[in-house]
2 protein chains.
Amino acid sequence: MTAAGTEHVSRDERRRRTEAAILEAARALFAETGFERATIRAVAASAGVDPALVMQYFGSKDNLFAAATRWSREHVSVLDAPRSQVPAAAIADLFETFEGPGGREGAAALMRNCLTHPEANRTLRDDVMCSVASGVAETIGGEDAELRAGLMAACIMGLGLSRYLLQIPAVATASRADVERLLEPALCALLDAPERPAG
Amino acid sequence: MTAAGTEHVSRDERRRRTEAAILEAARALFAETGFERATIRAVAASAGVDPALVMQYFGSKDNLFAAATRWSREHVSVLDAPRSQVPAAAIADLFETFEGPGGREGAAALMRNCLTHPEANRTLRDDVMCSVASGVAETIGGEDAELRAGLMAACIMGLGLSRYLLQIPAVATASRADVERLLEPALCALLDAPERPAG
DNA sequence: GGGTTCACTCTACAGGCGTTGACCCGTCCA
DNA sequence: TGGACGGGTCAACGCCTGTAGAGTGAACCC
């Protein structure tokens, strides 16, 4: 018996359900314990399924990880935000990613492993950080735009890490409103390059 | 034959040298590939030593990791900085830690594993972030001091991650002066709480 | 309603891991 | 100078991992 109940379900529907159950279990485990400690056996057990079935569905553990951490830049509002709204939109994007509907597990799984899993590292750097930062750089423009956008992305990532993964108490327990109120002015300072000191 | 040359060295000196060689190799590997992928065999090979010797010296892989990532808050200048110098000192501390003398490997090893190794997670959160942030909070004072200090620490950590571990190009290749010039104003915005919007 | 498909399971393998205990041999002390 | 100490090595164990292949029974199609 698998996830389904006693009702009748078609074979296709069963397949879709168990695949989703495996993916969900994988996301949760990858996000909680990291890639190496999240064994295929544990994922399968959590999904109520035989380990071999996971292999059959996804081919390898790396494929499973790739499927569990797939990222799309669809809902990245900062890319469409006007210049003055970039800081607020960047913060909002982080909150939506981790606290919005759709679940944080996918993003958390990617972030949790971005320092130790080569593919997660590459994905977060190239497909997320660089991709978004270069879009933001175009929006904000001016001298050092790339670096200022990169620093903004770095601060946002630092916030995400501190709040959702490391769970620094002061940062993790603060309300969204407080974080927005305090951090937005800081990011706004990155919109414009400060005047060079007496040159 | 181990790391020593042909000169005569006392037994104690030999012991100290090989222990240091093992620690250095461990730090480098933990920092590069992470705890799980850095095998004891690889550490031993890199130190030019038998794997069993590593066990004999450190007892277990976890002990070796703890020894390789030991952290002290001795050279954290931000804790002694006057209020207005806190942002500059915080940035300087990061640069000194990763680019100063003494080598970045220890800090990198701790940071690389802070998301996937439980003990590294705890150490970075409690002994580094919380400890420093609460000191900074006392210095800057005012409303939401804990949260503002935590956000500052988060931004600094985001910078460290982006520059030294993820190696986001724009952030990793920038000069120290440019990073300081652009980021300091942003952190200064966290020194004081912005006025509450009309209330 | 019988053959076929396919989701699913069972069992097993090969390799790599941390860890161990017995063993060697140069250095130290009496 | 001889025995003992201890740094260092060797070979091996037991465990856990990702993965493979044969097998099973219910759902599907004609």
How do B/R15 and B/R41 order along DNA chain D: which one's closest nucleotide is nearer the 5' end? B/R15
Output the residues of residues 60-67 of chain B in contact with DNA chain C, where contact means a heavy atom of the residue under 4.0 Å from an atom of the strand; sort by number or write none. B/S60, B/K61
A/I40 atom CD1 is separated from C/dC13 atom C1', nearest whole Å, by 16 Å
Watson-Crick or G-U pairs under 3.5 Å in DNA chain C, rendered as dot-bracket with [ ] for crossing pairs and | for another strand: ||||||||||||||||||||||||||||||
Run the salt-bridge test on B/R16 and B/E19 with the 4.0 Å N-O cut-off and return the result as yes or no. no
In whole Å, what is the span from the CD atom of B/E36 to the C1' atom of D/dC16? 12 Å
Check A/D127 with A/R73, please: is the shortest side-chain N to carboxylate O separation under 4.0 Å? no
Row check, B/Y57 ring normal vs B/R15 NZ/CZ: under 6.0 Å, within 45°: yes
Charged N to carboxylate O below 4.0 Å: is that the case for B/D192 and B/R148? no
Under the criterion side-chain contact (heavy atoms from CB on, under 4.5 Å), I'd like the reasoning laid out for A/L110 against A/F30: C-alpha separation, chi angles, the key distance, then a yes or no. CA-CA 8 Å; A/L110 181 61; A/F30 286 146; over 6 Å; no
Between A/R37 and B/T116, is a side chain to side chain donor-acceptor pair (under 3.5 Å) present by the stated rule, with each step listed? CA-CA 8 Å; A/R37 296 182 205 263; B/T116 41; over 6 Å; no
Pairwise ring-ring contact (aromatic ring centres under 6.0 Å, His included) hits with a residue in residues 70-91 of chain A, at least two apart: none
So, do A/I156 and A/L187 sit near enough that their side-chain heavy atoms are less than 4.5 Å apart? yes
Using whole Å, report how far CG of B/L53 lies from P of C/dG26. 17 Å
side-chain hydrogen bond (donor to acceptor under 3.5 Å, both in side chains) contacts in which one or both residues fall within residues 90-110 of chain A, not counting sequence neighbours: A/S77-A/D93, A/E96-A/R176, A/E99-A/R163, A/E99-A/Y164
A/S46 side chain vs A/A42 backbone, donor-acceptor pair below 3.5 Å: no
On DNA chain C, more 5' by nearest nucleotide between A/E19 and B/A38 is A/E19
Do B/R181 and A/D144 meet the salt-bridge criterion of a basic N to acidic O distance under 4.0 Å? yes
Looking at A/T18, I'd like to know whether one of its side-chain N or O atoms comes within less than 4.0 Å of OP1 or OP2 on C/dA7. no
NA contact type, B/Y57, heavy-atom cut-off 4.0 Å: base, sugar-phosphate, or nothing? sugar-phosphate
Length of the CZ-P vector between B/R16 and D/dG7, whole Å: 12 Å
Starting at the 5' end of DNA chain C and moving along, which residue's nearest nucleotide shows up first, A/D12 or B/D12? A/D12
Under the salt bridge (charged side-chain N to carboxylate O under 4.0 Å, His left out) rule, what pairs show up with a residue in residues 21-30 of chain A, not counting sequence neighbours? none
Rounded interatomic separation in angstrom, taking CZ from B/R14 and P from C/dC25: 15 Å
N/O donor-acceptor pair, side chain A/R11 with base C/dT5, under 3.5 angstrom: yes
What is the distance from CD1 of A/I22 to P of C/dA7, rounded to the nearest Å? 11 Å
A/E13 atom CD is separated from C/dA7 atom C1', nearest whole Å, by 14 Å
Report each atom pair, protein N/O against N/O of nucleotides 20-24 of chain D, whose distance is under 3.5 angstrom.
none

Could you check how far CZ of A/R37 sits from P of D/dC15, rounded to whole Å? 20 Å
